[in-house]
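Quick note on labels: first sequence line is chain A, next is B, and so on, each numbered from 1.
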Protein chains: 2
Amino acid sequence: MPHTYEYPRAALTVDCVVFGFDEGELKVLFIERGLAPFKGQWAIPGGFVRVDETLDEAARRELEEETGLGSVFLDQLYTFGDVKRDPRERVVSVAYYALVKLADARTRAATDAADAQWFPVSKPPKLAFDHATIFDTALARLRAKLRYQPIGFELLPQKFTLSQLQHLYEAVLGVELDKRNFRKKVLGFDLLVPLKETQMTGAHRPAQLFRFDPVKYERLTKRGFHFEI
Amino acid sequence: MPHTYEYPRAALTVDCVVFGFDEGELKVLFIERGLAPFKGQWAIPGGFVRVDETLDEAARRELEEETGLGSVFLDQLYTFGDVKRDPRERVVSVAYYALVKLADARTRAATDAADAQWFPVSKPPKLAFDHATIFDTALARLRAKLRYQPIGFELLPQKFTLSQLQHLYEAVLGVELDKRNFRKKVLGFDLLVPLKETQMTGAHRPAQLFRFDPVKYERLTKRGFHFEI
DNA sequence: AAGTGTTCGTGTAAATGAAACACGAAACAC
DNA sequence: GTGTTTCGTGTTTCATTTACACGAACACTT
């Protein structure tokens, strides 16, 4: 069923830069293109926006279709509209970034799509289209937001220890943090609730588990509160 | 000349929230719609993206066409893609915000388009489409960015005094700032160069004029420097 | 020429927040 | 029960931020 318009129209896509935290380092998910152009090269998962879905819905749908990942943190990043970014025709892409609780999801959707693969953000493959630019933008945004918004938890299991959280920050931001000061600061925000469980891994004292409380966060943001690590 | 595609496509527009600083308060420019839908209501200036221009180019072109404003600071804001945001058909809008040196431009393009008008941001008119949401988003973004990026100058004349800058910050952020601390901090960034001129207005000691040095700013950002008011 | 009104430009002390730092507690392995 | 490993906690020092007042420069009035 063809569709006709008076003036030419750009195609509209969403692309989604998916981040996960695994083995102590930040990873990003790319998929291998099966079709030309850039056949065989790696790319950011994404696809066309349908006329009856919002941009957010399109991003979630594509993510689910291409990677099997559902219910992740999703945030709009930037819209890329260079005229020649796709060699075939004019394509404008609304880019998102997603944060995945990899440790929770791994069992199910380890790498659902056979052609999807996790890469350390420090060693991305050569990417198709302008996807290297999109990836760079997403990584910069993630690092910036991690400092002043409590989104680190989105990369950890629902129950996590303060050490895990600290290691996440250290790995993503590339800095060393003082243990006592870090705990003082994070707990001072009153966003984490201690659980009645502890985590035992290895031959040492068990660690207190926490979870993030989004309700408390909502309340605080309305009172103009400022998170910063 | 009709254009036909296999699947239906959304129309793509850019909208541009234009801010200016005048009479000690932050203003925003809206234009009155001459056509249905929302005929007679106020709206954010904008229009369709052509297939042979980037999004930034489209935003600048529309701004020039509808308001006569050229060479302004322009930054992408967010992309709005709700399915029903335009009652006629699916329209996705890439929103920008612009900062205008009103005092410089006033003589020429006071309000070039007869149907354009400046409103205090505290008293916007009823707006067409979802433009109230876009405006709110833009204002929030401007206030946030003003704190941690040196963009305040974009709303002032090229040559300005520190008092003018302070009043701008106070008006936009809605806070009172200490004069001595403000000057200490701003000059400490080493982004402003004192000119060999002073500004004489009224019967009192003349004020030193400064200009913003974008080159210095570039150099500093590459060294991971952090601006904050 | 002297006096008045107004904004400009400047330094220091107090208070607050950030950074540095070390050791006992709890679990498991042997 | 001894050894090994990570967990959990306070205080002091240093740096940054806040609070605050008065002489200087000019125009205008008398």
Side-chain angles (χ1 to χ4, degrees), chain A residues 21 23-24 103 146-148 150 152-153 156-157 159-171 173-211 220 224-229, chain B residues 23-24 103 146-148 150 152 156-157 159-171 173-211 220 224-229:
Chain A
F21 189 66
E23 294 172 4
L146 207 58
R147 293 181 179 282
Y148 64 88
F153 326 110
L156 291 177
K159 303 171 182 181
F160 56 87
T161 69
L162 289 184
S163 292
Q164 285 179 291
L165 187 63
Q166 182 179 344
H167 292 141
L168 168 71
Y169 273 91
E170 290 179 333
L173 299 180
V175 295
E176 290 231 327
L177 300 172
D178 178 83
K179 184 173 166 182
R180 279 179 284 192
N181 293 336
F182 179 81
R183 299 164 89 89
K184 226 182 303 171
K185 186 179 280 191
V186 171
L187 292 178
F189 290 128
D190 194 32
L191 292 172
L192 303 185
V193 295
L195 303 177
K196 288 180 188 116
E197 308 168 66
T198 54
Q199 185 176 79
M200 257 320 303
T201 59
H204 53 79
R205 179 173 176 176
Q208 176 68 244
L209 282 168
F210 292 84
R211 69 173 177 81
L220 286 172
F225 126 99
H226 186 57
F227 177 92
E228 179 146 6
I229 295 284
Chain B
E23 293 172 4
L146 207 58
R147 292 179 179 283
Y148 64 89
L156 290 177
K159 303 171 181 181
F160 55 88
T161 69
L162 289 184
S163 292
Q164 285 178 290
L165 187 63
Q166 182 179 344
H167 292 141
L168 168 71
Y169 273 90
E170 290 179 333
L173 299 180
V175 296
E176 289 231 328
L177 299 172
D178 179 83
K179 184 173 166 180
R180 279 180 284 193
N181 294 336
F182 180 81
R183 299 164 90 89
K184 226 183 304 171
K185 186 178 280 191
V186 170
L187 292 178
F189 291 128
D190 195 32
L191 292 172
L192 302 185
V193 295
L195 302 177
K196 288 178 187 118
E197 308 168 67
T198 55
Q199 184 175 77
M200 257 321 303
T201 59
H204 52 80
R205 180 173 175 177
Q208 177 67 245
L209 283 168
F210 292 85
R211 69 170 177 82
L220 285 172
F225 127 100
H226 185 58
F227 177 92
E228 179 144 7
I229 294 283

> Who is the Watson-Crick or G-U wobble partner of D:dG3, with both distances under 3.5 Å?
Replying inline: C:dC28
Report yes if some heavy atom in the side chain of [X] is under 4.5 Å from a heavy atom in the side chain of [Y]; otherwise report no.
{"X": "A:L168", "Y": "A:F153", "answer": "no"}
{"X": "B:L191", "Y": "B:F225", "answer": "yes"}
{"X": "B:I229", "Y": "B:L146", "answer": "no"}

In whole angstrom, give the distance that lies between atom [atom1] of [X] and atom [atom2] of [N].
{"X": "A:F210", "N": "D:dG8", "atom1": "CZ", "atom2": "C1'", "value": "10 Å"}
{"X": "B:K179", "N": "D:dT18", "atom1": "NZ", "atom2": "P", "value": "19 Å"}
{"X": "B:K185", "N": "C:dT10", "atom1": "NZ", "atom2": "C1'", "value": "18 Å"}
{"X": "A:F182", "N": "D:dT9", "atom1": "CZ", "atom2": "C1'", "value": "16 Å"}
{"X": "B:Q199", "N": "D:dA27", "atom1": "CD", "atom2": "C1'", "value": "15 Å"}
{"X": "B:F160", "N": "C:dC8", "atom1": "CZ", "atom2": "P", "value": "14 Å"}
{"X": "B:F189", "N": "D:dT16", "atom1": "CZ", "atom2": "C1'", "value": "12 Å"}
{"X": "A:D178", "N": "D:dC7", "atom1": "CG", "atom2": "P", "value": "14 Å"}

> Say you draw a straight line from CZ of A:R183 to OG of A:S163; how long is it, rounded to the nearest 0.5 Å?
Replying inline: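 Output value for this atom pair is 5.0 Å.
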Closest listed nucleotide, where the reference is the side chain of [X] and the choices are [options]:
{"X": "A:R205", "options": "D:dG8, D:dA27, C:dA27", "value": "D:dG8"}
{"X": "A:M200", "options": "C:dC28, C:dG9, D:dC26", "value": "C:dC28"}
{"X": "B:N181", "options": "D:dA19, D:dG8, C:dA19", "value": "D:dA19"}

>> Please classify the nucleic acid contact of A:K184 as base, sugar-phosphate, or nothing, using heavy-atom distances under 4.0 Å.
In response: base
>> What's A:S163 touching, base or sugar-phosphate or nothing? Going by heavy atoms closer than 4.0 Å.
In response: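 Sugar-phosphate contact only.
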> 5'-most contact on DNA chain C: B:Q208 or B:H204, nearest heavy atom basis?
Replying inline: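 Closest to the 5' end, via its nearest nucleotide, is B:H204.
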>> Determine whether a donor-acceptor pair (N or O, by modelled atom type, separation under 3.5 Å) exists between the side chain of A:Q199 and the backbone of A:F160.
In response: no
>> Does a side-chain N or O of B:R183 approach OP1 or OP2 of C:dG9 to a distance below 4.0 Å, or not?
In response: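 True: B:R183 side-chain N/O within range (under 4.0 Å) of C:dG9 OP1/OP2.
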> Using a cut-off of less than 4.0 Å, is there contact between a side-chain N or O of A:R180 and OP1 or OP2 of C:dA20?
Replying inline: no
